[in-house]
Participant: 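Let me begin by handing over the structure; questions about it come next.
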Amino acid sequence: MCSSSIQTLLSDVISDQLPPAAAEWFATKRAAVAADSGNRALFLAISLVTRKLGKADLIVTDAIRARASEARRDWCLDDWSIDQAARVLLLLEAPGDAPTLAARLEELCVTADMGELVAFYRGLPLYPQPEQYVARAGEGLRTNIKAVFNAIAHNNPYPREQFDELAWNQMVLKALFIDTPLHPMQGLDDRSSPALAKMLCDYAHERWAAGREFSPELWRCVGRHADAAALDDLGRSLTQDRPEQARAAALALTECSLPAAAPILDEAPQLAAAARAGEIRWESILDP
């Protein structure tokens with residue numbers, strides 16, 4: 001990770017979208033933050049960002065995406081807004097070492113509103129010594145506020161790189177619990193495991209027993225790690241009335257290496273043909 005290139009990119013993207021008055025205000029605040037070894041200038045600027053700069057989505061071109069990838073592997077700016085980018089840039093530009101930044105971030109998160117939390121959590125992969133923030137990220141994932149949860153879980157390399165297996169599995173299960181998509185999680189397939197598959201099958205049984213629905217994306221983390229019991233679950237989902245559940249089960253069965261998976265899939269010939277032909281994709285499994 002190259003901090004200077006990250007800061008330069010954020011500065012360029014923000015500056016390109018700001019009208020003159022807002023750009024002047026932001027430049028003044030950045031200078032004040034850089035000159036203040038304490039927290040006063042930083043905390044004040046962060047609190048005023050939305051009022052002064054607005055909340056418009058960042059305009060992210062292919063050139064910006066390429067620069068982001070060069071500055072930080074797998075960094076994605078597509079979901080960011082201008083106020084989020086500004087807050088992260090101010091935090092990165094404040095004087096001090098990595099522990100100082102971590103202490104500031106912790107203090108900010110304690111009193112932050114939802115918009116500020118989203119910004120701080122989107123910045124997780126950009127902060128130095130990222131292992132310092134695992135507990136803070138875990139705290140953020142306890143929320144039922146989707147915007148805050150998604151700031152950590154979606155299009156963010158931090159969980160894939162820093163979470164242990166238990167933390168990762170809990171994040172996936174929590175996403176299903178609050179009904180937010182799984183497919184924007186970076187590393188979803190790489191970080192799937194037999195333990196996660198078992199956890200998700202147990203969750204499916206709980207929902208079935210309660211007569212409640214669940215996201216068909218659940219099966220994405222099951223197919224390649226399925227055992228005999230999980231194959232029974234996939235077979236059950238394959239024959240359900242909900243088309244998206246049947247499509248997901250079919251796709252999961254194509255990813256299972258157990259010999260028993262193919263006969264189960266062949267019980268739904270049309271779905272089997274579509275799944276094997278690549279006509280069903282996880283990224284669109286939730287589409288009507």
Side-chain angles (χ1 to χ4, degrees), residues 74 76 78-79 141 144 146-147 149-150 152-157 159-160 165 168-288:
D74 296 328
C76 179
D78 284 61
D79 295 332
L141 290 173
N144 288 329
K146 288 186 182 181
F149 182 94
N150 291 347
I152 304 168
H154 286 178
N155 299 314
N156 190 336
R160 181 188 62 197
E165 183 177 23
W168 175 270
N169 292 354
Q170 289 175 337
M171 180 182 73
V172 174
L173 184 61
K174 180 64 176 289
L176 293 167
F177 181 78
I178 65 173
D179 195 26
T180 195
L182 300 187
H183 63 269
M185 293 181 179
Q186 293 190 10
L188 184 62
D189 296 325
D190 295 340
R191 291 295 307 265
S192 63
S193 66
L196 178 59
K198 175 66 167 57
M199 182 184 295
L200 297 183
C201 286
D202 289 345
Y203 178 72
H205 278 269
E206 291 175 5
R207 303 292 284 189
W208 280 331
R212 302 179 69 179
E213 297 180 351
F214 56 86
S215 170
E217 285 193 294
L218 176 150
W219 303 117
R220 179 172 180 171
C221 301
V222 172
R224 65 190 65 199
H225 301 290
D227 56 14
L231 286 181
D232 288 342
D233 295 338
L234 288 168
R236 175 177 177 176
S237 197
L238 186 69
T239 58
Q240 285 193 337
D241 292 336
R242 292 181 63 197
E244 65 275 19
Q245 286 285 353
R247 291 197 304 270
L251 189 51
L253 285 164
T254 66
E255 297 176 350
C256 180
S257 60
L258 295 178
I264 295 173
L265 179 58
D266 288 335
E267 294 176 8
Q270 290 184 329
L271 281 174
R276 288 169 175 151
E279 296 171 4
I280 304 174
R281 298 181 300 107
W282 288 117
E283 290 73 19
S284 58
I285 207 74
L286 298 179
D287 295 344

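Atom set for the values below is all heavy atoms of this structure, side chains included, hydrogens, waters and symmetry mates excluded. This one's a predicted model, so the numbers in the text were calculated from it and none came from an experiment.
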Participant: Between side-chain atoms of residues 266-273 and protein atoms elsewhere (two or more places apart, or another chain), which donor-acceptor pairs fall under 3.5 Å?
Facilitator:
unit_1	atom_1	unit_2	atom_2	d
D266	OD1	R276	NH1	2.7
D266	OD1	R276	NH2	3.2

Participant: Within the structure provided, determine whether L141 and K174 are in side-chain contact (heavy-atom separation under 4.5 Å).
Facilitator: no

Participant: I need the R242 CZ to S237 OG distance, nearest 0.5 Å.
Facilitator: 8.0 Å

Participant: Between W219 and C201, what is the shortest heavy-atom contact and its length?
Facilitator: CZ3-SG, 4.2 Å

Participant: Distance-only criterion, 3.5 Å: show the donor-acceptor pairs between side-chain atoms of residues 248-263 and protein atoms not counting sequence neighbours.
Facilitator:
unit_1	atom_1	unit_2	atom_2	d
T254	OG1	L251	O	2.6
E255	OE2	W282	NE1	2.9

Participant: If every non-hydrogen atom of E165 is compared with every non-hydrogen atom of S193, which pair is closest and at what distance?
Facilitator: OE2-OG, 2.9 Å

Participant: With sequence neighbours excluded, tell me which residues meet salt bridge (Lys or Arg N to Asp or Glu O under 4.0 Å) with D232.
Facilitator: none

Participant: Atom CG in L200, atom SG in C221: separation rounded to 0.5 Å?
Facilitator: 5.5 Å

Participant: State whether the side chain of H225 and the backbone N or O of S192 hold a donor-acceptor pair below 3.5 Å, judged by distance alone.
Facilitator: yes

Participant: Within this structure, what is the CG-CG distance for the pair D179 and N144, rounded to the nearest 0.5 Å?
Facilitator: 12.0 Å

Participant: Which atom names give the shortest non-hydrogen contact between L218 and V222, and what distance separates them?
Facilitator: O-CG2, 3.7 Å

Participant: Is the shortest side-chain heavy-atom distance between R247 and I285 below 4.5 Å?
Facilitator: yes

Participant: So, do R160 and W168 sit near enough that their side-chain heavy atoms are less than 4.5 Å apart?
Facilitator: yes

Participant: Got a sec, which pairs hit side-chain hydrogen bond (donor to acceptor under 3.5 Å, both in side chains) with one end in residues 203-215, sequence neighbours left out?
Facilitator: H205-D233

Participant: Side chains of L286 and P216: does their closest heavy-atom pair fall under 4.5 Å?
Facilitator: yes

Participant: Show me the pairs that pass salt bridge (Lys or Arg N to Asp or Glu O under 4.0 Å) and involve residues 278-288, at least two apart or across chains.
Facilitator: R220-E283, R281-E283

Participant: Donor-acceptor pairs under 3.5 Å, side chain of residues 180-187 to any protein atom, not counting sequence neighbours: which ones?
Facilitator:
unit_1	atom_1	unit_2	atom_2	d
T180	OG1	N150	OD1	2.8
T180	OG1	N150	ND2	3.2
H183	ND1	E217	OE2	2.9
Q186	NE2	D74	O	3.0

Participant: What is the minimum heavy-atom distance between Q240 and R236, and which atoms define it?
Facilitator: CG-O, 3.3 Å

Participant: Can you find a heavy atom in the side chain of L234 that is under 4.5 Å from one in the side chain of I264?
Facilitator: no

